[in-house]
Amino acid sequence: MSDKSSNQMWGGRFAAGPDAIMEAINASIGFDKRLAAQDIAGSRAHAAMLAATGIISDSDAETIREGLLTVLSEIESGNFAFSTALEDIHMNVEARLKEVVGEPAGRLHTARSRNDQVATDFKLWVRDQFDAFESGLLALIRALVDQAEAGAEWVMPGFTHLQTAQPVTWGHHMMAYVEMFARDLSRARDARARMNESPLGAAALAGTGFAIDRHMTAEALGFARPAANSLDAVSDRDFALEFLSTASICAMHLSRFAEELVIWSSAQFRFVALSDRFSTGSSIMPQKKNPDAAELIRAKIGRIFGANVALMTVMKGLPLAYSKDMQEDKEQVFDAADNLMLALAAMEGMVKDMTANVANLEAAAAAGFSTATDLADWLVRETGLPFREAHHVTGALVAMAEKKGCDLPDLTLAEMQTVSGAITEGIHDVLGVHNSVASRLSYGGTAPVRVREQVARWKEILA
Ligand code: ARG
């Protein structure tokens with residue numbers, strides 16, 4: 001028998017307990033208690049399988065499975081004393097099970113190790129996050145499609161270099177984000193399907209001599225199949241990395257949109273009004289309404305990127321199979337997942353509530369010679385000028401308007417004809433912003449009819 005103070009789970013070869021500092025650096029219970037429900041689900045599946053394969057008795061399995069439910073309800077109701085000396089959630093649960101059911105508890109850990117146990121628990125947790133990620137994305141996409149439908153015809157400036165480029169429609173701009181978040185959705189679904197293999201039964205690293213049934217536990221836990229290689233099963237954290245990398249790309253999209261909302265809601269732009277529900281005031285400047293939710297979304301993205309880099313760094317030098325380094329996989333993923341879900345929900349709320357200032361959008365769309373390309377295209381179509389020359393002529397007209405301090409449509413025909421004799425009155429038809437967007441009928445273009453087609457396609461997908 002080992003010394004009293006050595007660990008009750010693995011203390012057989014130890015004469016003394018750990019140093020306090022060792023306990024502090026070693027324990028993960030402070031954070032991995034979040035895996036309690038997954039740990040208990042995994043253990044219940046394992047116990048049922050041990051009985052079905054005749055490795056433990058049916059009555060022991062029943063006792064264990066019932067006892068685990070008691071432990072779960074204690075944890076869920078907050079009546080559980082987590083112990084740092086017991087290191088992690090696995091040993092906390094098992095130790096309490098022993099207190100609750102006695103001797104049969106000691107049979108639960110047959111044919112498994114904490115290595116396959118933690119991989120299983122964490123996978124189940126991350127799998128739930130992929131599902132929450134998917135619901136969050138779908139809700140956001142729905143809100144964007146609704147905005148696009150409402151404003152399929154509203155004209156706004158399209159930017160490159162944040163300089164007015166060509167008029168686009170509000171609906172087209174919203175649908176651009178739909179495409180981005182739809183790719184995030186597709187990446188999340190891919191990753192979820194790829195990660196859905198059960199590590200349970202890989203044991204410490206080599207498999208086990210007990211005649212276990214890994215297909216049975218895999219199925220009980222909703223996995224598509226057991227992972228094929230025991231070494232890989234216990235040392236793989238790709239599922240967490242894929243969660244973080246898909247989350248990072250989505251976070252980057254959220255941040256870009258947040259940045260646009262910050263710009264659009266400023267007094268200089270006044271493209272949108274964000275709702276009071278997603279803004280805050282200033283304690284000193286009474287006129288202020290700040291887009292804090294957008295700013296915080298933009299900022300939270302850093303911790304998601306950071307988690308991705310941190311876990312890549314944890315994993316990059318590890319020899320097969322398990323190393324304790326891998327205990328550092330969880331906190332960052334927890335934090336990234338929490339903040340991703342919050343950012344998605346906040347963005348959905350802002351998009352649902354925001355009001356486009358249609359008149360300002362249209363006025364801004366007309367400024368900055370935004371229909372210069374339409375003018376050049378007209379010269380090509382109507383006068384047969386090569387595009388390069390049409391570009392040159394248009395440039396001269398823009399310079400003329402700039403000098404006069406007016407917009408392109410304000411130039412008279414006579415003035416235009418001093419630059420090119422080929423110009424006729426018909427040119428004025430293409431200089432308005434509504435004509436401009438309506439003409440951009442190419443597949444994927446900004447014309448309201450094209451936007452409505454995309455909205456309809458998405459509504460069907462979402463139905
Ligand atoms: N708390 C550990 C972790 O999160 C569980 C696995 C411990 N395995 C071991 N061989 N020490 O990784």
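Numbers here simply count residues along the sequence, with the first being 1.
- Residue pairs meeting the salt bridge (charged side-chain N to carboxylate O under 4.0 Å, His left out) criterion with at least one member in residues 157-185, sequence neighbours excluded: Glu179-Arg457, Asp184-Arg187.
- For Asp131, the salt bridge (Lys or Arg N to Asp or Glu O under 4.0 Å) criterion is met by Arg192, not counting sequence neighbours.
- Side-chain contact between Val398 and Leu408: present, with at least one pair of heavy atoms (C-beta onward) separated by less than 4.5 Å.
- A distance-only check finds no donor-acceptor pair linking the side chain of Ser265 to the backbone of Leu274 [under 3.5 Å].
- Annotation: cation-pi geometry satisfied between Lys33 and Phe82 (NZ/CZ under 6.0 angstrom from ring centroid, within 45° of ring axis).
- For Ser323 (side chain) and Asp325 (main-chain N/O), no donor-acceptor pair under 3.5 Å exists by modelled atom type.
- A pairwise comparison of heavy atoms in Ala401 and Phe369 identifies CB-CE2, 3.7 Å as the closest pair.
- For residues 222-252, every residue pair satisfying the ring pair (Phe, Tyr, Trp, His ring centres under 6.0 Å) rule, not counting sequence neighbours, is listed here: Phe122-Phe239, Phe130-Phe243.
- Side-chain rings of His173 and Trp154 stay apart, their centers remaining 6.0 Å or farther from each other.
- Note on Lys289 versus Asp276: salt bridge recorded, some NZ/NE/NH1/NH2 to OD/OE distance being below 4.0 Å.
- In terms of heavy atoms, Pro448 sits closest to Glu153 at CG-CA, 4.1 Å.
- The heavy-atom pair separating Gln147 from Met354 by the smallest distance is NE2-O, 3.1 Å.
- In this structure, Asn339 contributes its side chain and Asp335 its backbone to a donor-acceptor pair below 3.5 Å.
- Remark: Glu260 engages no residue in a salt bridge (Lys or Arg N to Asp or Glu O under 4.0 Å) (not counting sequence neighbours).
- For the salt bridge (Lys or Arg N to Asp or Glu O under 4.0 Å) criterion with Arg114, the lone passing option out of Asp88, Asp39, Asp121 is Asp88.
- Residues that satisfy the salt bridge (Lys or Arg N to Asp or Glu O under 4.0 Å) test with Lys300, not counting sequence neighbours, are absent from this structure.
- Gly368 and Asp407 make their closest contact through N-OD1, 4.4 Å (heavy atoms, listed as atom of the first residue, atom of the second, distance).
- The shortest heavy-atom contact between Leu72 and Ala37 is CD1-CA, 3.9 Å.
- Arg450 pairs by the side-chain hydrogen bond (donor to acceptor under 3.5 Å, both in side chains) definition with Glu453, not counting sequence neighbours.
- A side-chain N or O of Thr169 and one of Thr446 form a donor-acceptor pair less than 3.5 Å apart.
- Looking only at side-chain heavy atoms (C-beta outward), Met400 and Thr418 come within less than 4.5 Å of each other.
- Ring pair Phe257/Trp264 is perpendicular by interplanar angle, where above 60° counts as perpendicular and below 30° as parallel.
- Within 6.0 Å of NE2 on His428 lie more than 12 heavy atoms contributed by other residues, nucleotides or ligands.
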